[in-house]
Amino acid sequence: MAAGARRMANPIAGQRVGEVTASHTERVEGQCYELHAPPPLGALLRIGSPPVYAVVRQIWNAPIDPARPLTPRGADLETVDEVYANNPQLTSVLITRFQATVVGYAIGAAIRHGLPPAPPILHSFVFVCDAGEIAAFTAHPGYLKLLTAEGNLTADLAMSAFLRQAADAASDKRGFLLRAGRTLATELADDGPRLRTILGEMAL
Amino acid sequence: MTLHGNSGKVNGRRIGAVVGGQLSRGLQVRVDRAGGTSIEDLAVGSFVTIQGRKQRFFGVITDVELRVADDSLRHFPPSGSADFTNDDFIAEVVGGTTAYGLLSVMPAMAAPDDATSPESASPESATTIPEHFAPVFTASQADIDAVFKAAGDGAMSLGEPQGMDGASVRLDLSALPARSVGVFGASGSGKTFLARMLLAGMVKQGEVVSLVFDMQNEYGWQGQDNDRGRQVKGLKQLFPSRVVTFTLDEASSRRRGITPDGAVRIGYREIQPADIELLRESLNLTPVAAAAAYNLERHFGSGNWLAEFVAKSGPEITELAESIGVNASALGALHRRLAAWERFEFLDPAAHGNAAADIVQHLQRGNHVVLEFGQYGRNEAAYVLVSNLLTRRIHDEWVRRKELADGGQGDDPRPLVIFIEEAHKFLTPEVASQTIFGTIARELRKYNVTLMIVDQRPSGIDSEVMSQLGTRLTCRLNDDRDLSAALMGARDAGQLREVLARLGSKQQALVFGHAVPMPLVVRPRDYDESFYQEMSLGTTGAPAGTPAVAETAEERMQREIDELFPPE
Ligand SMILES: Nc1ncnc2c1ncn2[C@@H]1O[C@H](COP(=O)(O)OP(=O)(O)O)[C@@H](O)[C@H]1O
Ligand SMILES: [Mg+2]
């Protein structure tokens, strides 16, 4: 399959997927090395060194140059793959970007849940964490604070996606979900509908 | 001393933390679900401990409640909406977090518990409450023992505290009869079994004597265990030489193959107009008809009125009515009722003397007396008449002896417990002021006589009498008024109400008052072989099998015969 066509497989855990293109203490934006090959929504990222951890909250694909919007190219073709095959230049003018919510950082071997003293520098390499890293990061439930802070539906759904992945990485999946759910229940005690949306999503 | 040094301070399983409350209304305890505790494990009436910072508290769960921190859960409970495929997960997460169990706990007793307090400091009535977030634990046998200190021969194991499998709480048998006792509960709830156990404990312990008016023939020789369809031992079988049985109905005793130690015969002379007045309801008499007995007494003289009156017939009664100034039809009604007493074989028109004399003698000798009513137990008038009359006689004797003793002549009469079933018949608000039972209840212990009353309708009992009861053991009651009456005058009535309302339908009792340091729900122990055995082992007072006070040669022979050949 031609590079740049739709990628169905997630990047392999532990793989480097892109670089930081804009960074704030609470939020990082990055660009993927490969078109249509982003870390999945909710993935835990390790960014730069010393590492900053962030959860993928939004992904979008767009032309590099916003001044040159896309136009349809497949009217006479059968499949979308043919569109890319017939227009190999597309992979160099189109890009995949993502935004991630900062949830922690490392000091030496210790992981802290919270905001780093400074954002990761630009062009920092972005890695997708593997199961071991996810499990280590979620061993204590403090990471939930920054994820719930945003407080809108799309952020909550991204958090739910993250919790599903973290549950898969945990040795006791159900126990993990219950612990996380109960922590959320106490943090969101005053917003039942929101809590239930998150709980409903995270255990899908 | 146990391995723990002070085992009373070892906490049980944690069930929650104090989150609010008030001494007068009880504490609120939020249940922790994390420890695996479910509100469904926590029954009202259960005994718990609370570890305060400076004191250890002992309390009783008086209510359980479900709360939600988030009101939307109330409107849209997780399993109610079909939108989520994983409602179970949601329910499991919110259960114990935003939806949680809350207990009401009555802090009843407290003992100092900090570095400086003596290890053995004993619990006293709680005068304050634990601090916020004090952890709450299930109680252990050691906790029960720390509070219910009764031990040794002066105590008996009453049963298992609510929710504490295998534990046992002991009842102080000296404190129990020191003030009047009430045993309440709906029919079939286990009153009789419980009361018989208490009586047995008192016989064994030996400090008091008792007189049991055994309306349904279930205390003396044997009782009927309906659930298991078998007979259980009565007091006489358990303590052949310390219990004597009398009967009102020798024919019935014979039919049941029982040889009582004596029969009670009451002379007409002993019956007073006041007795008739008390029987007004049982005899279905108008107030005028009942009061006519006083006119008759004035007319015929105090010993003779009844015999003379029933001997009259037909027109003589009308004449008599005129001459004593009583409405003729009222007097006729009275006559019909009293003439029917000819069927009462225990009544003797000719007998002189005192029907209670034999009973008094036995009681004074330290024997317990059970009076079986035979078939007369089904006749309300007979039951009320006899119990009241004998009690009056015996009470008179106790008053006389007490007054003599107070004057320096002779010893105090033995502490006596008079036991009646269906107590409301003697203690309704209308008659309580006239009957001897009402008098005894109000005198407290002045003449060394107290009551033990058993009843299924405490609301029928005069409230002043209820408030004089020292200790109450209450089984399941179904009627609201009975619930309130059973708690009348109790210190924590408000908090105990729900506990009482929730008792099991059988063999479960809330015990509170004088003889226990704090209210507690117990499952009275089974009345079975192991109970019989405990009753026969070791002794206080006189050893079982040996009379408390010298018996006559005849009595001794009879006893030995009875022991060798139980009249079964
Ligand atoms: N402590 C107990 N041990 C064994 N059986 C009991 C006990 N308490 C109650 N029962 C059972 O319940 C039945 C009813 O109890 P009972 O004391 O006669 O009730 P009540 O006097 O309140 O009408 C008994 O016949 C017996 O089968
Ligand atoms: Mg009964």
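Order of the sequence lines fixes the chain letters, A, B, ..., with proteins taken first and strands second; residue numbering starts at 1 for each chain.
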Asker: How would you list, by chain and number, every residue that makes a ring-ring contact (aromatic ring centres under 6.0 Å, His included) with A/Tyr105, sequence neighbours excluded?
Answerer: none

Asker: Output the distance between atom CD1 (B/Ile90) and atom CD1 (A/Ile198), rounded to the nearest 0.5 Å.
Answerer: 11.0 Å

Asker: Using a cut-off of under 4.5 Å on heavy-atom pairs, state which of A/Thr186, A/Leu188, A/Leu178 scores highest against chain B.
Answerer: A/Leu178

Asker: Counting neighbours of NE2 on A/His140 that are heavy atoms of other residues, nucleotides or ligands and sit closer than 6.0 Å, is the number greater than 12?
Answerer: no

Asker: How close do A/Ala185 and B/Thr98 get, heavy atom to heavy atom, and via which atoms?
Answerer: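 Smallest heavy-atom distance, with atoms named: O-CG2, 3.3 Å.
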
Asker: Which region of B/Ser72, side chain (C-beta onward) or backbone (N, CA, C, O), has a non-hydrogen atom less than 4.5 Å from a non-hydrogen atom of chain A, or is it both or neither?
Answerer: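 When you check distances to chain A, atoms from both the backbone and side chain of B/Ser72 fall under 4.5 Å.
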
Asker: Is it the case that atom CG in A/Asp76 sees more than 12 heavy atoms from other parts of the structure closer than 6.0 Å?
Answerer: no

Asker: For B/Phe89, which residues count as a ring-ring contact (aromatic ring centres under 6.0 Å, His included) partner, sequence neighbours excluded?
Answerer: none

Asker: Under 4.5 Å heavy-atom distance to chain B, tell me which part of A/Arg174 shows up: side chain, backbone, both or neither.
Answerer: side chain

Asker: With a cut-off of 6.0 Å (strictly less than), are more than 12 heavy atoms of other residues, nucleotides or ligands near CZ of A/Arg97?
Answerer: yes

Asker: Between A/Arg182 and B/Glu92 (side chain of the first, backbone of the second, donor and acceptor by atom type, cut-off under 3.5 Å), is there such a pair?
Answerer: yes

Asker: Please say whether more than 12 non-hydrogen atoms of neighbouring residues, nucleotides or ligands are located less than 6.0 Å from CD in B/Glu40.
Answerer: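 12 or below, so no.
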
Asker: For A/Leu177, is it the side chain, the backbone, both, or neither that has a heavy atom closer than 4.5 Å to a heavy atom of chain B?
Answerer: both

